[in-house]
Amino acid sequence: MGIPASHIQDVVTAYLVRHPEEHELLRPLLDRIDAGQDLTRRTEFGGHVTASGVVVNDANEVLLIHHRASGRRIQPGGHCEPCDSTLPGAARREIAEETGVTELEPCCGGAPVQIDVHPISARPDKGEPAHTHFDIRYLFRTRGTVEVTLQADEVAGADWCGPSELGSPVLRARVLAALGRPQPDRPAAAAR
């Protein structure tokens, strides 16, 4: 069945209420929603939705994976599948598949911490032209001892790192804020 378009629209609309300054950034996503495109199909090369999750442990470290396809160190996540019924559910599934971590508490009231828009290079070996990902990013907390089991065909490794290691400055700032920590380049008094 997959994630209903109405769910995606509700998530994006609620996100923009909290972050109205991102309206223009998300205009291409809004246009595709308005056009009725199936944004969960990875063959929607005008742009499609992906879901990822920043996982934070008791030491306030984030779990980053070494993603084979991109060659980058990123938070776990990926494409929506027909079995997914919600975006946070898709993020949870991807985290479980790529890292084996399943005991996750949603943060930020279960709302996305960020919606990122980024280009994806063409992959002729897969018949995929260059396209855009609208990555709906969630923040989760895990408690106690966490065993990480990697999905070897997609993930080359994983590390628990400080939130300052997150690649996106916006994501980094929002995760630090959610953890109640000032950004490293700002004095503590200025962060209040």
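Predicted, not measured: the structure shown is a model, and the values here were computed from it.
- Considering all non-hydrogen atoms of both residues, I65 and E98 come closest at CD1-OE1, 3.2 Å.
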Evaluation steps, side chain to side chain contact (heavy atoms under 4.5 Å, CB included), between T99 and V155: CA-CA 8 Å; T99 70; V155 179; over 6 Å; no
Mind running side chain to side chain contact (heavy atoms under 4.5 Å, CB included) on Y15 and E22 for me, showing each step along the way? CA-CA 9 Å; Y15 177 84; E22 294 186 25; 2.7 Å; yes
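- No chain of hydrophobic side-chain contacts below 4.5 Å, direct or via other Ile, Leu, Val, Met, Phe, Trp or Tyr residues, connects V170 to L26.
- By the side chain to side chain contact (heavy atoms under 4.5 Å, CB included) test, H66 pairs with R73, A156, D159, sequence neighbours left out.
- Using modelled atom types, one side-chain atom of D58 and one backbone atom of G144 make a donor-acceptor pair closer than 3.5 Å.
- When all heavy atoms of A69 and R123 are compared, the pair lying nearest together is CB-NH1, 3.7 Å.
- Nearest heavy-atom pair, R172 versus P163, reported as atom, atom and distance to 0.1 Å: CG-O, 3.5 Å.
- Rounding to the nearest 0.5 Å places OG of S52 at 9.0 Å from CD1 of I136.
- The hydrophobic clustering, which links ILVMFWY residues whose side-chain heavy atoms are closer than 4.5 Å, places V117 and I120 apart.
- Between I33 and V12, some side-chain heavy-atom pair lies under the 4.5 Å cut-off.
- Under the 4.5 Å side-chain heavy-atom criterion for grouping Ile, Leu, Val, Met, Phe, Trp and Tyr, I74 is not connected to L176 through any hydrophobic cluster.
- At a threshold of 4.5 Å between non-hydrogen side-chain atoms, the residues E24 and L30 do not count as touching.
- Smallest separation of non-hydrogen atoms from C80 and L87: SG-CD2, 4.1 Å.
- When every heavy atom of F140 is checked against every heavy atom of A91, the shortest pair comes out as CE1-CB, 4.2 Å.
- A 4.5 Å side-chain heavy-atom check between I8 and F134 finds every atom pair outside the cut-off.
- Taken from CG in L39 to CG in L29, the straight-line distance is 6.0 Å, to the nearest 0.5 Å.
- Atom NE2 of H48 is separated from atom CZ of R32 by 11.0 Å, given to the nearest 0.5 angstrom.
- By the 4.5 Å side-chain criterion applied to Ile, Leu, Val, Met, Phe, Trp and Tyr, V56 is assigned to a cluster that also includes V54, V62, L64, V113, L139, L166, L171, V175, L179.
- Here E103 contributes atom CD and R143 contributes atom CZ; the two are 12.5 Å apart, rounded to the nearest 0.5 Å.
- Applying the side-chain hydrogen bond (donor to acceptor under 3.5 Å, both in side chains) definition to pairs two or more places apart or across chains, none involves residues 4-13.
- With rounding to the nearest 0.5 angstrom, the CD atom of E81 is 9.5 Å from the CD1 atom of I3.
- Residue R68 qualifies as enclosed at atom CZ: its count of foreign heavy atoms under 6.0 Å is above 12.
- In this structure, E147 places its CD atom where only 12 or fewer heavy-atom neighbours from other residues, nucleotides or ligands lie under 6.0 Å away.
- Classified by interplanar angle (parallel below 30°, tilted 30° to 60°, perpendicular above 60°), the ring pair H133/H118 is perpendicular.
- The structure places SG of C108 at 14.0 Å from CZ of R137, a figure rounded to the nearest 0.5 Å.
- Heavy-atom contacts from other residues, nucleotides or ligands closer than 6.0 Å to CD of E105 number more than 12.
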Would you check, one step at a time, whether the test side-chain hydrogen bond (donor to acceptor under 3.5 Å, both in side chains) holds for T50 with D135? CA-CA 5 Å; T50 57; D135 191 34; 2.9 Å; yes
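- Counting heavy atoms from C-beta outward, E128 and R42 have side chains that approach closer than 4.5 Å.
- Here the shortest heavy-atom pairing between F45 and G127 reads CZ-O, 4.4 Å.
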